[in-house]
Number of protein chains: 2
Amino acid sequence: MFLRTTRNSKPHINTLDDFGIASHSGAAVSLNEITYRKGTEVYGEKEPAEYVYQVKKGAVRTYKLLSDGRRQIGAFHLVGDIFGLADDDAHRFTAEAIIETTLRLIKRQTLETVAETNNLITRELLSMATLNLKHVEDHMLLLGRKDSVERVAAFLVEMDERVASQVMALPMTRRDIADYLGLTLETVSRALSKMRRAGLLDFVGSTQRKIIILDRARLRAAEFQRQ
Amino acid sequence: MFLRTTRNSKPHINTLDDFGIASHSGAAVSLNEITYRKGTEVYGEKEPAEYVYQVKKGAVRTYKLLSDGRRQIGAFHLVGDIFGLADDDAHRFTAEAIIETTLRLIKRQTLETVAETNNLITRELLSMATLNLKHVEDHMLLLGRKDSVERVAAFLVEMDERVASQVMALPMTRRDIADYLGLTLETVSRALSKMRRAGLLDFVGSTQRKIIILDRARLRAAEFQRQ
DNA sequence: CGACCACTTGATGACCGTCAAAGAGTGTGG
DNA sequence: CCACACTCTTTGACGGTCATCAAGTGGTCG
């Protein structure tokens with residue numbers, strides 16, 4: 001999991017040939033799609049990893065829980081992203097649909113059988129795992145050493161790069177963002193308000209969760225506020 | 001980097017055949033060793049990744065810096081660990097010898113040439129990257145959601161598993177531990193004192209940085225304090 | 001339209017960071 | 001070998017950032 005392949009990704013990695021592995025091996029690969037309603041679980045932590053997933057529509061959050069309910073979201077998976085891949089045997093996160101979400105499935109078994117003999121596929125998997133690693137490593141710096149405004153700014157920059165449209169319609173709630181950034185939802189809200197007052201962004205329209213970035217340069221600067 | 005292969009690792013992964021890749025490919029692999037003095041840099045972030053390293057003696061820290069000096073240590077590499085591997089092109093961390101350290105080097109170029117044709121090696125690299133990923137993912141939960149005592153307990157449990165001797169002689173300073181855990185050195189010191197008063201551990205002998213775990217069960221419980 | 005959920009904003013407090021001082025350990029040079 | 005300098009560590013006092021608790025507004029959907 002943690003595959004964030006839309007970000008700075010080479011197209012062929014982003015799609016893993018759109019799961020068209022059959023073309024390489026000649027094996028019959030069953031392509032399935034499942035639609036999940038808002039809030040439903042795709043798989044749970046420690047469950048055997050039977051499938052790999054690609055988001056066709058919607059958005060997914062993957063997270064770990066502590067026994068008292070504290071939650072750390074590891075990644076958001078948007079349209080095009082592949083996740084559940086780096087989990088060898090058992091899943092290391094729980095995955096949930098944030099909104100109504102359609103996923104493409106591929107049997108892990110199939111993928112592994114192909115990878116056993118096909119070095120190109122194995123290298124592609126390695127490349128995806130490395131990309132994955134980069135994101136988590138950067139996120140570690142954020143969680144360990146950045147203050148609340150820097151964290152929220154980093155989140156916005158990341159989302160801005162990924163959705164790449166004038167107005168960001170974020171699927172996730174303030175609580176999701178907070179659990180991604182290691183904050184509380186109130187702190188996220190305050191940071192957003194602060195940035196709005198500073199003219200970095202604005203909330204758009206009648207609907208919630210629509211944000212427009214007004215000043216990308218200053219937003220990026222806010223990610224590394226303290227000089 | 002971030003290769004923490006001594007922990008729960010299968011021996012063949014830990015050593016990658018002790019870098020004896022020549023035996024697979026028949027290629028001439030130059031094996032070099034370099035010794036670094038305490039505090040010296042092995043490589044810097046964003047430098048081209050020319051080599052992969054294995055710790056033969058000593059200990060290494062890998063970290064990222066923010067412009068104002070805030071530091072996040074990603075991993076400590078102890079004897080046997082391989083690091084600098086997941087950095088494709090450029091290193092994503094800076095690596096420094098914590099104490100006098102001897103490293104084995106292998107040219108990345110050689111490794112990649114072998115991996116291009118040898119699927120077994122590629123799979124091994126993938127396996128190491130995945131192991132790597134697991135550690136970072138767990139660390140993300142720690143940095144995002146655990147309090148100071150839980151963090152220090154987690155650190156001690158991790159080190160206890162890796163050094164596996166009665167008395168832990170830690171190579172790193174309180175500041176290193178703090179920068180690994182996203183805390184300050186004072187907070188680390190207070191957490192250790194608190195655990196000592198609670199009878200979980202003790203400081204040993206005249207020399208600093210020697211810790212003995214008195215109650216592993218309660219130490220593990222402290223890692224998930226709040227129930 | 002009403003119930004519910006998401007969000008914002010304020011008040012308060014706790015945890016941890018900062019600043020400071022002193023003790024302990026280490027290394028070096030006379 | 002001891003003295004001195006330096007680093008590392010501990011502990012205390014204080015303050016700030018963010019978590020917690022709470023209330024009210026706004027949006028969504030049956």
Side-chain angles (χ1 to χ4, degrees), chain A residues 37-39 61 66 68-72 98-100 142-153 155 168-198 201-211 222 225-226, chain B residues 37-39 61 66 68-72 98-100 142-153 155 168-197 201-211 225-226:
Chain A
R37 270 184 307 203
K38 178 179 162 181
R61 59 179 167 243
L66 290 176
D68 63 349
R70 281 173 286 173
R71 183 177 69 158
Q72 180 61 46
I98 299 177
I99 51 178
E100 173 151 320
L142 179 149
L143 293 172
R145 288 300 176 210
K146 290 187 183 175
D147 67 28
S148 62
V149 171
E150 291 170 326
R151 292 183 198 208
V152 173
F155 167 77
M168 283 194 287
L170 299 174
M172 65 288 284
T173 66
R174 297 287 183 265
R175 173 171 295 281
D176 288 333
I177 300 172
D179 286 350
Y180 178 59
L181 300 178
L183 300 169
T184 61
L185 63 94
E186 293 94 333
T187 300
V188 170
S189 179
R190 277 184 248 271
L192 285 172
S193 297
K194 192 173 177 180
M195 295 170 118
R196 184 165 62 131
R197 283 194 300 272
L201 53 86
D202 204 359
F203 302 146
V204 178
S206 59
T207 177
Q208 286 174 324
R209 298 190 212 171
K210 284 198 180 172
I211 293 180
Q225 207 178 26
R226 305 194 231 161
Chain B
R37 269 184 308 203
K38 177 178 164 184
R61 59 180 167 243
L66 290 175
D68 64 348
R70 283 174 285 173
R71 183 178 69 160
Q72 180 61 46
I98 300 178
I99 51 179
E100 173 150 321
L142 178 149
L143 292 172
R145 288 301 178 210
K146 291 187 182 175
D147 67 27
S148 63
V149 171
E150 291 172 325
R151 293 182 198 209
V152 173
F155 167 76
M168 283 195 287
L170 300 174
M172 66 287 286
T173 66
R174 296 286 183 265
R175 173 172 294 279
D176 288 334
I177 299 172
D179 287 349
Y180 179 58
L181 299 177
L183 300 169
T184 60
L185 64 94
E186 293 93 334
T187 300
V188 171
S189 180
R190 278 185 248 270
L192 285 172
S193 296
K194 193 173 176 180
M195 296 170 118
R196 183 164 63 130
R197 283 194 300 273
L201 55 84
D202 204 0
F203 302 146
V204 179
S206 60
T207 177
Q208 287 175 324
R209 299 190 214 170
K210 284 199 181 173
I211 293 180
Q225 205 179 28
R226 305 194 232 162

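Proteins come first, then strands; the chains are lettered A, B, ... in the order of their sequence lines, and each starts at number 1.
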Colleague: Select one nucleotide: of D/dA19, C/dG17, D/dT20, the one nearest the side-chain heavy atoms of A/T187.
Modeller: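 Closest nucleotide among those given: D/dA19.
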Colleague: Got A/E100 and A/K38 here, is their nearest side-chain heavy-atom distance under 4.5 Å?
Modeller: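 Of all side-chain heavy-atom pairs linking A/K38 with A/E100, none is under 4.5 Å.
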Colleague: To the nearest Å, give me how far apart CD (B/E150) and C1' (C/dC15) are.
Modeller: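 Taking CD of B/E150 and C1' of C/dC15, I get 13 Å after rounding.
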Colleague: Under 4.5 Å between any side-chain heavy atoms of B/L170 and B/F155, yes or no?
Modeller: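 B/L170 vs B/F155: side chains touch.
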Colleague: Can you measure B/E100 atom CD to C/dT26 atom C1' for me and round it to whole angstrom units?
Modeller: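 Between C1' of C/dT26 and CD of B/E100: 16 Å.
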Colleague: With sequence neighbours left out, which residue pairs that include part of residues 174-189 of chain B fulfil the salt bridge (Lys or Arg N to Asp or Glu O under 4.0 Å) condition?
Modeller: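 Every pair satisfying salt bridge (Lys or Arg N to Asp or Glu O under 4.0 Å) with a residue in residues 174-189 of chain B: A/R145-B/D179, B/R61-B/D176, B/R71-B/D176, B/R71-B/D179.
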Colleague: So what does A/G39 touch, heavy atoms closer than 4.0 Å: a base, only the sugar-phosphate, or nothing?
Modeller: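 Answer is nothing: A/G39 stays at 4.0 Å or more from every strand.
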Colleague: Measure from NZ on B/K38 to C1' on C/dT28 and round the result to the nearest Å.
Modeller: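 The answer, rounded to whole Å, is 13 Å.
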Colleague: What distance separates B/R70 CZ from A/D147 CG, expressed to the nearest 0.5 Å?
Modeller: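 Those atoms lie 6.0 Å apart.
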Colleague: What distance separates A/K146 NZ from B/L66 CG, expressed to the nearest 0.5 Å?
Modeller: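 Taking NZ in A/K146 and CG in B/L66, the distance rounds to 6.0 Å.
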Colleague: Please state how far atom CG in A/L183 lies from atom C1' in C/dT8, giving the value in whole angstrom units.
Modeller: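 So the CG-C1' distance, A/L183 to C/dT8, works out to 16 Å.
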Colleague: Can you tell me whether the side chain of A/R209 and the base of D/dG27 have a donor-acceptor pair closer than 3.5 Å?
Modeller: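 Counting by modelled atom types and ignoring angles, no donor-acceptor contact under 3.5 Å is found here.
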Colleague: Is there a donor and acceptor pair, one atom on the side chain of A/R190 and one on the base of D/dT20, closer than 3.5 Å?
Modeller: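 By the distance-only test, yes, there is a pair.
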Colleague: Decide yes or no for A/I99 and A/M172: does some side-chain heavy atom of the first lie under 4.5 Å from some side-chain heavy atom of the second?
Modeller: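 No - every pair of side-chain heavy atoms lies 4.5 Å or more apart.
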Colleague: What is the distance from CG of B/L143 to P of C/dC16, rounded to the nearest Å?
Modeller: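 Roughly 13 Å, once rounded to whole Å.
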Colleague: Just the rounded figure in Å: distance from C1' of C/dG13 to CG of B/D147.
Modeller: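 It is 16 Å, rounded to the nearest whole Å.
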Colleague: Write down the distance between CD1 (A/I211) and C1' (C/dC7), rounded to a whole number of angstrom.
Modeller: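 Checked: the CD1 to C1' distance equals 12 Å.
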Colleague: Is the phosphate of C/dT9, meaning OP1 or OP2, less than 4.0 Å from a side-chain N or O of A/S193?
Modeller: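 Checking A/S193 against C/dT9: at least one side-chain N or O falls below 4.0 Å of OP1 or OP2.
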Colleague: With heavy atoms under 4.0 Å as the rule, sort A/L185 into base, sugar-phosphate or nothing.
Modeller: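 Base contact - A/L185 has a heavy atom under 4.0 Å of at least one base atom.
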Colleague: Heavy-atom contacts under 4.0 Å between residues 168-177 of chain A and DNA chain C, which residues?
Modeller: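 Going residue by residue through residues 168-177 of chain A, the ones with a heavy atom under 4.0 Å of DNA chain C turn out to be A/T173, A/R174.
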Colleague: Looking only at the side chain of A/E186 (C-beta and beyond, no hydrogens), which of the listed nucleotides D/dC18, D/dC21, D/dT11 gets closest?
Modeller: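 Among D/dC18, D/dC21, D/dT11, the one nearest the side chain of A/E186 is D/dC21.
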Colleague: Is any side-chain heavy atom of B/L181 closer than 4.5 Å to a side-chain heavy atom of B/T187?
Modeller: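 Side-chain contact under 4.5 Å: no.
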Colleague: Find which nucleotide of DNA chain C each of B/V149 and A/F203 is nearest to by heavy atoms, and output the residue with the more 5' nucleotide.
Modeller: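 By nearest-heavy-atom nucleotide position, the 5'-most residue is A/F203.
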Colleague: For A/R145 and C/dC16, give me the distance from atom CZ to atom P, rounded to whole Å.
Modeller: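 Whole-Å distance recorded here is 13 Å.
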Colleague: Applying a 4.0 Å non-hydrogen cut-off, can you work out what B/S148 is touching in the nucleic acid: base, sugar-phosphate, or nothing?
Modeller: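 Sugar-phosphate only.
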